[in-house]
Amino acid sequence: GCLVGWLSWISRLFSFATIANLAITYAGGFAPNIVSGWPRAACIVIGSALLTYLVLSGVRRSAVLNNALTACKVLLLGGFVAVCLPAADFSQIEVTAPPSLVEWQTAAMLMAYAFLGVESAMITSGEMKNPRADVPFALGVGLACIALLYIAIQIACIGTLPELASSQRPLVDATERVLGPTGAHIVNVGALLTMLGTLFAILMTGARLPFAFAEQGQLPAVFASVHPESRAPHVAIVVSGVCACLLALYTSFLGALVVSALTRLVGYVTTCAAVIVLRRRSGATDRAGFQVPAGVAIATLAIVACVWMMLGSSLTEAVVVVGLGLLGLALSGGYVWLRRRGGKLA
């Protein structure tokens, strides 16, 4: 549990860094000089500070803002599909040669990143009114809708952009082919808004993880501090915002993406293994508020799929993830050990 919680937090920090670097790339469509040097650093710092301030307003206001940004995201992507899919050349969608196993694993890892975080809605379930009824339905419907939307976007991009593999801003480039420069600028602005919404959601949910650690006595109690007015875990939010900003400054888009995906997959494997173990415990199913049919079989298949994708990573990336996991266990374990010995770090 400690490892899953720690790696979930780390994964969200790297996800923040991934999207922040991508946002800089898209912003470069308006101001090319901000993609490197001190302008890039200034944009990341200012953006991270603004998002942290917004998350500090509390979960109710954060949820309203997150819903508004999500609506913008869905409208943009839906509009892109509506415009570009009818203009797609479907003759370009063909497989000339089957990919190798390594290519499949690399593609699966990158694809998995687009779906990682679907469980984030459960992190704030303690602040929801009826999570037992709402969360399973929301996760199922949301995941199905997003999968269909992703497929439509991919087909539209392949069919309108022959040089898709080398495009840094595929939605913008595809829209420019169909609607010209004006349409491309509109999509560029919309893409920046959607990434802003994603960054906000990552920070809002990720900051609750150190808070939960502190509530369980695995981190100093200061991380469980709650602001008297907004009721938000302000210390955990600020620390998460600062760490996410630093990672965005010193990582690249692809490097942060792979580490984020690997750390999340480790958490998925551990969680699926826990499902198998907990279902065998006496009385576990009687207390369950929601139970997935064939849960053990699904968990086993998920473990195999996750391990297969993880094997497609490089040795360097694997070492980084293992090192991060050991660091988290050392920090949490060391704090618990000191607290039990009468330390004054609580």
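One-based numbering along the sequence shown.
- In terms of modelled atom types and a separation under 3.5 Å, the side chain of N188 and the main chain of Y26 share a donor-acceptor contact.
- Under the 4.5 Å side-chain criterion, counting only non-hydrogen atoms from C-beta, M310 is in contact with V269.
- Pairing each heavy atom of A108 with each of M309, the nearest pair is O-SD, 3.5 Å.
- L7 is linked by a side-chain contact (heavy atoms from CB on, under 4.5 Å) to L3, T263, V266, counting only residues two or more places apart in sequence or in another chain.
- Both L247 and V45 are members of a single hydrophobic cluster when ILVMFWY side chains are connected at heavy-atom separations under 4.5 Å.
- The line from CD1 of I19 to CG of L196 is 11.5 Å long, rounded to the nearest 0.5 Å.
- The cluster map of Ile, Leu, Val, Met, Phe, Trp and Tyr, joined by side-chain heavy atoms under 4.5 Å apart, puts V242 and I46 in different clusters.
- In the hydrophobic clustering (ILVMFWY side chains linked at under 4.5 Å, chained through shared members), L326 is joined by V322.
- No single ILVMFWY cluster, assembled from side-chain heavy atoms under 4.5 Å apart, contains both L148 and L143.
- Residues L171 and C157 share a closest heavy-atom pair of CD1-SG, 4.1 Å.
- Here the OG1 atom belonging to T270 is positioned 8.5 Å from the CD1 atom belonging to I303, to the nearest 0.5 angstrom.
- Grouping Ile, Leu, Val, Met, Phe, Trp and Tyr by side-chain contacts under 4.5 Å, direct or through others, puts L179 with V83, V178.
- Counting only heavy atoms from C-beta outward, the side chains of T300 and C272 never approach each other to under 4.5 Å.
- Closest of all the heavy-atom pairs between A41 and L249 is CA-CD2, 3.6 Å.
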Inset, instruction - Kindly determine whether H185 and V172 satisfy side chain to side chain contact (heavy atoms under 4.5 Å, CB included), including the steps that lead there. - result: CA-CA 7 Å; H185 288 319; V172 173; over 6 Å; no
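- For the residue pair P181 and E176, the shortest heavy atom distance occurs at N-CG, 4.1 Å.
- Put simply, the side chain of Q154 reaches to within 4.5 Å of the side chain of L164, judged on heavy atoms.
- Looking at T18, its side chain does come within 3.5 Å of a backbone N or O of L257 through a donor-acceptor pair.
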Inset, instruction - Evaluate the side chain to side chain contact (heavy atoms under 4.5 Å, CB included) criterion for residues V275 and V296: first the C-alpha distance (whole Å), next the side-chain angles of each, then the deciding distance (0.1 Å), finally the verdict. - result: CA-CA 7 Å; V275 170; V296 172; 5.5 Å; no
Legend entry - Derivation of the side chain to side chain contact (heavy atoms under 4.5 Å, CB included) call for V81 and I155: CA-CA 9 Å; V81 171; I155 293 174; over 6 Å; no
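- Side-chain contact between C145 and L149: absent, with no pair of heavy atoms (C-beta onward) separated by less than 4.5 Å.
- Both F14 and V239 belong to a common hydrophobic cluster when Ile, Leu, Val, Met, Phe, Trp and Tyr are linked at side-chain heavy-atom distances under 4.5 angstrom.
- L85 approaches A152 most closely through the heavy-atom pair CD1-O, 4.0 Å.
- Annotation: side chain of F16 is not in contact with side chain of C243 (no heavy-atom distance under 4.5 Å).
- The CG atom of L203 sits 11.5 Å away from the CZ atom of R12 when rounded to the nearest 0.5 Å.
- No donor-acceptor distance shorter than 3.5 angstrom exists from the side chain of S260 to the backbone of A256, with no hydrogens or angles considered.
- Scored by the side-chain contact (heavy atoms from CB on, under 4.5 Å) test, L311 finds Q105, V307 as partners (sequence neighbours excluded).
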Inset, instruction - Could you walk me through whether L209 and F223 pass side chain to side chain contact (heavy atoms under 4.5 Å, CB included), step by step? - result: CA-CA 10 Å; L209 292 167; F223 286 96; over 6 Å; no
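- Applying the ring-ring contact (aromatic ring centres under 6.0 Å, His included) test to Y250 and every residue at least two apart in sequence or in another chain returns nothing.
- In this structure, R177 pairs ionically with E163, as a charged nitrogen and a carboxylate oxygen lie closer than 4.0 Å.
- Neither V319 nor L327 shares a network with the other; the hydrophobic side chains, linked directly or stepwise wherever heavy atoms of I, L, V, M, F, W or Y lie under 4.5 Å apart, form separate groups for each.
- Atom-to-atom distance recorded for I34:CD1 and C43:SG is 4.5 Å, nearest 0.5 angstrom.
- Residues V321 and E317 fail the side-chain proximity criterion, which asks for heavy atoms closer than 4.5 Å.
- Remark: side-chain polar atoms of R169 are not paired, donor with acceptor, to backbone N or O of L22 under 3.5 angstrom.
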Going by atom type alone, with no hydrogens or angles, which donor-acceptor pairs under 3.5 Å involve a side-chain atom of residues 47-54 and a protein atom two or more places apart or on another chain?
residue	atom	partner	partner atom	Å
S48	OG	I44	O	2.8
T52	OG1	S48	O	2.8

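- Summarising the geometry of G206 relative to W9, their closest heavy-atom pair is O-CD1, 3.2 Å, with the distance given to 0.1 Å.
- Here OG of S11 is found 12.5 Å from CH2 of W6. Values are rounded to the nearest 0.5 Å.
- Counting only distance, with no hydrogens or angles, the side chain of N21 and the backbone of T251 share a donor-acceptor pair below 3.5 Å.
- F115 has its side chain within reach of Y150: a pair of non-hydrogen atoms, C-beta onward, lies under 4.5 Å apart.
- With a 6.0 Å radius and a threshold of 12 heavy atoms from other residues, nucleotides or ligands, F137 has its CZ atom at or below the threshold.
- Considering only heavy atoms from C-beta on, L324 comes within 4.5 Å of V259 through its side chain.
- Summarising the geometry, atom OG1 belonging to T175 is positioned 9.5 Å from atom CD1 belonging to I186; distances are rounded to the nearest 0.5 Å.
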